[in-house]
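Could you have a look at this structure, given as structure tokens, before my questions?
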Amino acid sequence: MKATGIVRRIDDLGRVVIPKEIRRTMRIREGDPLEIYTDRDGEVIFKKYSPVGELASFAGHICETLCKTTGASAIICDRDTVISAAGTAKRDLFDKRISESLEHIIESRQIYQHKSGETPVDVTDTKNGQYLSVAAPIISEGDVSGCVAFVFDGTENELGETGYKLVQTMAGFLGKQMES
């Protein structure tokens, strides 16, 4: 754990303000759920809650199946991190922070498909040469919680309608799983 040097007081209603610079750095937005942990030393730890993260093992199986079916690298991410990956890009993407561009695509609630001639969208903010081919947002109970996507390395990107329908179907399926 890293000390920030910032001290805040609790108000009379038991609230504490998380400073803007920490919210920006940690990508904490208004309405984001936070899990609260405590330990015996009196520490209180806030951690961003990821409903998609709860399905990490299941998401891993979905990514493996998508990869085997199409031969393309597949990922599932929440609104901040790649939580599951399969294919040649797995080690470059798993558990990495997503790019701001991908974050905006997720928040748009629209299915994204890369078109020839367009500048490709980086999957992570490390700019590791992995780009979005097609991505569909995972929507559960009206809230966007992540996306399912196929990834390419700049050379091959021909998933077409099949890739589009597969990510759309898997995103819808994961959204329903999180509702039940």
Side-chain angles (χ1 to χ4, degrees), residues 1-60 62-63 74-85 89-112 114 119-132 134-149 151 167 170-172 174-179:
M1 193 167 15
K2 185 170 76 173
T4 63
I6 300 171
V7 176
R8 293 286 190 257
R9 294 200 183 278
I10 296 176
D11 72 9
D12 58 341
L13 294 176
R15 298 175 294 197
V16 63
V17 174
I18 300 171
K20 185 176 184 177
E21 53 273 7
I22 292 175
R23 292 193 318 264
R24 186 180 324 116
T25 303
M26 302 303 294
R27 294 183 177 178
I28 298 172
R29 295 169 287 281
E30 181 180 329
D32 279 354
L34 299 174
E35 281 185 287
I36 303 170
Y37 295 89
T38 60
D39 71 7
R40 294 178 187 197
D41 297 330
E43 291 178 327
V44 178
I45 300 165
F46 291 93
K47 182 179 177 191
K48 286 183 72 172
Y49 175 72
S50 170
V52 177
E54 296 291 318
L55 300 173
S57 175
F58 186 57
I62 290 173
C63 281
I75 64 166
I76 296 176
C77 61
D78 61 17
R79 293 176 62 194
D80 298 304
T81 309
V82 176
I83 63 157
S84 182
K90 182 175 183 172
R91 75 170 185 276
D92 293 331
L93 298 173
F94 179 70
D95 209 27
K96 299 284 190 311
R97 189 176 206 157
I98 66 171
S99 68
E100 283 189 41
S101 299
L102 177 50
E103 189 177 345
H104 291 305
I105 288 168
I106 293 169
E107 290 172 3
S108 76
R109 297 172 174 255
Q110 300 295 315
I111 298 175
Y112 167 86
H114 176 76
T119 303
V121 175
D122 285 300
V123 174
T124 65
D125 58 6
T126 58
K127 310 247 187 267
N128 59 8
Q130 300 297 327
Y131 307 104
L132 280 184
V134 59
I138 300 169
I139 300 173
S140 176
E141 297 177 350
D143 293 327
V144 178
S145 45
C147 79
V148 178
V151 176
V167 296
M170 286 297 105
L174 284 170
K176 291 291 183 198
Q177 287 299 305
M178 291 185 330
E179 290 175 1

Distance check, rounded to the nearest 0.5 Å: Asn128 atom CG versus Ser99 atom OG?
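The CG atom of Asn128 sits 10.0 Å away from the OG atom of Ser99.
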Is it true that atom CD of Glu107 has more than 12 heavy atoms of other residues, nucleotides or ligands lying nearer than 6.0 Å?
yes
Under a 4.5 Å cut-off applied to non-hydrogen side-chain atoms, are Gln177 and Phe58 in contact?
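Gln177 reaches Phe58 side chain to side chain.
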Using a 3.5 Å cut-off and no angle test, enumerate the donor-acceptor pairs between side-chain atoms of residues 6-13 and protein atoms at least two apart in sequence or in another chain.
from, atom 1, to, atom 2, distance (Å)
Asp11, OD1, Leu13, N, 2.9
Asp11, OD1, Gly14, N, 3.1
Asp11, OD1, Arg15, N, 2.9
Asp11, OD2, Arg15, NE, 2.8
Asp11, OD2, Arg15, NH2, 3.0

Rounded to the nearest 0.5 Å, what separates atom CG in Asp78 from atom OG in Ser84?
11.5 Å
Can you tell me how far the CZ atom of Arg24 sits from the CD1 atom of Ile18, to the nearest 0.5 Å?
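Interatomic distance, Arg24 CZ to Ile18 CD1, rounded to 0.5 Å: 14.0 Å.
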Check for a donor-acceptor pair, side chain of Asp39 on one end and backbone N or O of Asp41 on the other, with a separation under 3.5 Å.
yes
Closest contact, heavy atoms only, Val151 versus Gln130:
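Heavy-atom minimum between the residues: CG1-OE1, 3.5 Å.
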Could you report the tightest heavy-atom contact between Ile138 and Cys77, atom names first, then the distance?
CD1-O, 4.5 Å
Which heavy atom in Val123 sits nearest to a heavy atom in Leu102, and how many Å separate them?
O-CD2, 3.7 Å
Minimum heavy-atom separation for Ser140 and Gly175, please, with both atom names.
OG-O, 3.4 Å
Tell me every residue that passes ring pair (Phe, Tyr, Trp, His ring centres under 6.0 Å) with Tyr112, counting only those two or more places apart in sequence or in another chain.
none
Quick check against the 3.5 Å criterion: does Asp122 have a side-chain atom that pairs as donor or acceptor with the backbone of Asp125?
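Flag not set: sc Asp122 to bb Asp125 has no pair under 3.5 Å.
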Approximate separation, where rounding is to 0.5 Å, of Ile28 CD1 and Leu34 CG
5.5 Å
Arg23 and Glu30 ion-paired at < 4.0 Å:
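Salt bridge: no.
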Give the minimum heavy-atom separation between Arg109 and Gly142, together with the two atoms involved.
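Of all heavy-atom pairs spanning Arg109 and Gly142, the closest is NH2-O, 2.7 Å.
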I want to check something: taking the side chain as every heavy atom from C-beta on, are Glu141 and Met178 in contact at a cut-off of under 4.5 Å?
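No, every pair of side-chain atoms sits at 4.5 Å or beyond.
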Lys47 and Met26: CA distance, side-chain angles, deciding distance, side chain to side chain contact (heavy atoms under 4.5 Å, CB included) verdict:
CA-CA 10 Å; Lys47 182 179 177 191; Met26 302 303 294; over 6 Å; no
For the OG1 atom of Thr119 and the NE2 atom of His114, what is their distance to the nearest 0.5 Å?
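These two atoms lie 8.5 Å from each other.
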Please set out all donor-acceptor pairs under 3.5 angstrom arising from side-chain atoms of residues 89-98, sequence neighbours excluded.
from, atom 1, to, atom 2, distance (Å)
Arg97, NH1, Thr25, O, 3.4
Arg97, NH2, Thr25, O, 2.7

Heavy-atom closest pair, residues Pro137 and Ala171
O-CB, 3.3 Å
